Amino acid sequence: MSFDARIQNASEQNNSRTVLALDLEDPDPGRLAAKSEEVLRKASPYICAVKINRQLVLALGLRHGVDQLVGVAHDLSLPTIMDAKLNDVGHTNEFMMRAYMETGFDAIIASPMAGWENGLDSVFKLAKADGKAVILLVYMSNPGAAEFYSLMIAERGGGMKPMYELLAEKAVEWRAHGTIVGATKPQIIERVRRLVGPNLRIYSPGVGAQGGDARMAFDAGADYVIVGRSIYNSADPGETAKEYRDASKIG
Ligand code: O7M
């Protein structure tokens with residue numbers, strides 16, 4: 001089943017548009033794996049996908065580590081997103097993409113800054129052949145994001161536009177599944193929604209701990225919010241995930 005179908009199914013089944021960011025920390029790998037699995041299981045009825053970062057890959061490894069969490073997510077009918085922020089030349093991107101796909105991930109996050117030719121072309125090709133999704137960074141949630149994503153660039157035919165608008169256009173041109181736009185910038189979510197049209201998905205991180213508001217992100221046009229610390233650091237991750245779910249109910 002494609003990532004698109006998987007996330008839609010999970011979203012409908014759990015009536016949720018929350019992606020859980022599983023970024024827990026613990027110096028002991030065994031405890032880290034157990035804690036991550038516990039949070040995932042508790043939040044699972046209230047989320048539509050799980051996103052795993054490189055910090056977990058560094059601590060646990062892909063084999064006999066992160067792959068087991070991916071398996072647990074799949075057993076719970078949840079799709080998995082690898083937040084690799086791929087940003088290298090073609091052959092190493094391809095190597096990393098293959099490794100993440102073999103681990104069972106359904107979607108990958110990449111940075112469009114690598115460009116297409118001998119950059120992200122290999123990633124999109126592999127993804128397309130196997131029903132995987134590519135999600136591109138378009139505007140990050142941290143304050144420093146403005147330094148580059150808002151940088152005004154000259155257009156070929158004259159005129160100027162901010163960098164993130166070009167990145168949103170690239171997401172459409174390259175047929176990405178979706179984009180990342182920080183929840184801390186609802187007006188930019190609105191602008192990106194206008195640029196990418198109704199079909200490209202907008203994932204919005206930065207909710208809660210970073211000051212973004214889920215409702216504002218949805219109202220501005222986001223399809224999904226990505227939430228980490230507010231859920232896994234709460235006293236009751238299941239209950240907190242449920243509160244996010246209820247705040248973003250589809251119908
Ligand atoms: O809810 P938090 O702040 O604890 O975590 C947010 C998650 O979203 C965390 O996993 C970050 O890596 C991720 N994220 C951002 O916080 N901001 C961004 O601009 C982009 C991402 C992200 O998911 O990039 C793909």
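Throughout, residue positions are numbered sequentially from 1 according to the sequence presented. For ligands, and for the atoms within them, numbers begin at 1 and follow the listed sequence. Computed from a predicted structure; not experimentally measured.
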Kindly compute the distance separating OG (S141) from CD1 (I188), expressed to the nearest 0.5 Å.
-> 11.5 Å
Please identify which atoms of ligand 1 are closer than 4.0 Å to at least one heavy atom of I109.
-> 25 (C)
Return the residue, atom name and 0.1 Å-rounded distance of the protein heavy atom closest to atom 12 (O) of ligand 1.
-> N53 ND2, 3.2 Å
Per-atom contacts, ligand 1 versus A21 - under 4.0 Å to a heavy atom = 7 (C), 10 (O)
Please say whether I180 places an N or O atom under 3.5 Å from an N or O atom belonging to ligand 1.
-> no
Those atoms of ligand 1 less than 4.0 Å from some heavy atom in K85 = 12 (O), 22 (C), 24 (O), 25 (C)
Taken to the nearest 0.5 Å, the spacing of L78 CG from N14 CG works out to 6.5 Å
Where ligand 1 meets M140 - atom numbers and elements under 4.0 angstrom, heavy-atom basis = 18 (C), 19 (O)
State the CH2-OG distance between W116 and S122, to the nearest 0.5 angstrom.
-> 9.0 Å
For Y139, is at least one N or O under 3.5 Å away from an N or O on ligand 1?
-> no
Please verify whether a non-hydrogen atom of N233 lies at under 4.0 Å from ligand 1.
-> no
Nearest to atom 16 (O) of ligand 1, what protein heavy atom do you find, and at what distance?
-> Q210 NE2, 2.8 Å
Can D106 and T80 be counted as having a side-chain donor-acceptor contact under 3.5 angstrom?
-> yes
Structural part of I135 in contact with ligand 1, heavy atom criterion under 4.0 angstrom = neither
Side-chain contact test, heavy atoms from C-beta onward, threshold under 4.5 Å: evaluate it for K85 versus N53 and give yes or no.
-> yes
Go through the steps for K170 and E173 under the test salt bridge (Lys or Arg N to Asp or Glu O under 4.0 Å), then give the verdict.
-> CA-CA 5 Å; K170 290 291 174 192; E173 183 187 326; 3.5 Å; yes
Identify the protein heavy atom lying closest to atom 14 (N) of ligand 1, giving its residue, its atom name and the separation to 0.1 Å.
-> P205 CB, 3.6 Å
With distance as the sole test, does S11 use its side chain to make a donor-acceptor pair with the main-chain N or O of S16 at under 3.5 Å?
-> yes
Tested for ring pair (Phe, Tyr, Trp, His ring centres under 6.0 Å) against Y139, the lone hit among Y149, F148, Y203 is Y149
Min N/O separation S230 to ligand 1 under 3.5 Å | no
Considering only non-hydrogen protein atoms, determine which one is nearest to atom 9 (C) of ligand 1 and report residue, atom name and distance to 0.1 Å.
-> D23 OD2, 3.1 Å
Taking both backbone and side-chain atoms of K51, is any N or O found less than 3.5 Å from an N or O belonging to ligand 1?
-> yes
Give the numbers and elements of all ligand 1 atoms closer than 4.0 Å to a heavy atom of R229.
-> 1 (O), 2 (P), 3 (O), 4 (O)
Please state which protein non-hydrogen atom is closest to atom 1 (O) of ligand 1 and give its distance, to 0.1 Å?
-> G228 N, 2.8 Å
Verdict with reasoning, Q210 to T184, per side-chain hydrogen bond (donor to acceptor under 3.5 Å, both in side chains) = CA-CA 7 Å; Q210 296 181 47; T184 46; 5.8 Å; no
of all protein heavy atoms, closest to atom 22 (C) of ligand 1 is D83 OD2, 3.6 Å
heavy-atom search around atom 17 (N) of ligand 1 in the protein gives S141 OG, 2.6 Å
State the CE-CG distance between M113 and D88, to the nearest 0.5 angstrom.
-> 15.0 Å
Least distance between heavy atoms, E165 atom then R191 atom | OE2-NE, 2.8 Å
Does the R6 side chain pair with the main chain of P79, one donor and one acceptor, at a distance under 3.5 Å?
-> no
Per-atom filter on ligand 1: closer than 4.0 angstrom to a heavy atom of L137 are 24 (O), 25 (C)
Say whether N142, considering both its backbone and side-chain N or O atoms, lies within less than 3.5 Å of an N or O atom on ligand 1.
-> no
